[in-house]
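What follows is a set of notes on a single structure, which appears directly below.
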Amino acid sequence: MAAKKTARKKKDPNAPKRSLSAYMFFANEQRDIVRAENPGIAFGQIGKLLGEKWKALDEAGKAPYEAKAEADKKRYELEKSEYAKTQA
DNA sequence: TCGGTGATTGTTTTT
DNA sequence: AAAAACAATCACCGA
């Protein structure tokens, strides 16, 4: 009951967007590391290798990324709150 | 009150 | 420029 890929669509006037994901923060670090350890790795492999490693970490490993994820969410809450005003 | 839906986020690489 | 694997998200709204 769920089949989507990319190219979503918008719908809000100001669209406060949402926020990032722990993966986004983690990927930010992995991108340098994974690719650094895999010089010449292809996107198809990096993406997968990245994902499996993501969880391969420990709770504490994703902690920093997770922590930023929640922090980023607050960021969105704020922009959304202001958007709710202007949109009203 | 409660659920699930959709929209979105960012990276990499490839063409 | 955009798309797809990779994962999380999670706030939003209505009935």
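Letters A, B, ... mirror the listed sequences (proteins, then strands); counts begin at 1. Given the structure is predicted, the values throughout are model-derived calculations rather than measurements.
Between the CD atom of A:E70 and the P atom of C:dA8 there is a distance of 16 Å, given to the nearest Å. As a whole-Å value, the separation of A:Y83 OH from B:dA7 P is 14 Å. Distance CG (A:D72) to P (C:dA11): 11 Å, rounded to an integer number of Å. For the pair A:L57 CG and C:dA7 P, the interatomic distance rounds to 12 Å; values are reported in whole Å. Counting to the nearest Å, the C1' atom of C:dT9 and the NZ atom of A:K68 are 16 Å from each other. For the pair A:N38 CG and B:dT14 C1', the interatomic distance rounds to 17 Å; values are reported in whole Å. In this structure, CZ of A:R75 is placed 17 Å from C1' of C:dT9, rounded to the nearest angstrom.
Considering only residues two or more places apart in sequence or on other chains, A:Y65 meets the ring-ring contact (aromatic ring centres under 6.0 Å, His included) condition with A:F26, A:W54. Partners of A:E29 according to the salt bridge (Lys or Arg N to Asp or Glu O under 4.0 Å) rule, which considers only residues two or more places apart in sequence or in another chain, do not exist here. The side-chain contact (heavy atoms from CB on, under 4.5 Å) check on A:N28 picks up A:R31, with sequence neighbours excluded.
Counting only residues at least two apart or in different chains, salt bridge (Lys or Arg N to Asp or Glu O under 4.0 Å) contacts with residues 54-67 of chain A comprise A:K62-A:E66.
Proximity of a side-chain donor or acceptor of A:D72 to a complementary backbone N or O of A:K68 within less than 3.5 Å is not detected.
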Write out a two-atom table: protein N or O, nucleotide N or O from nucleotides 10-12 of chain B, distance below 3.5 Å.
none

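The side-chain heavy atoms of A:L57 and A:K53, taken from C-beta on, include no pair separated by under 4.5 Å.
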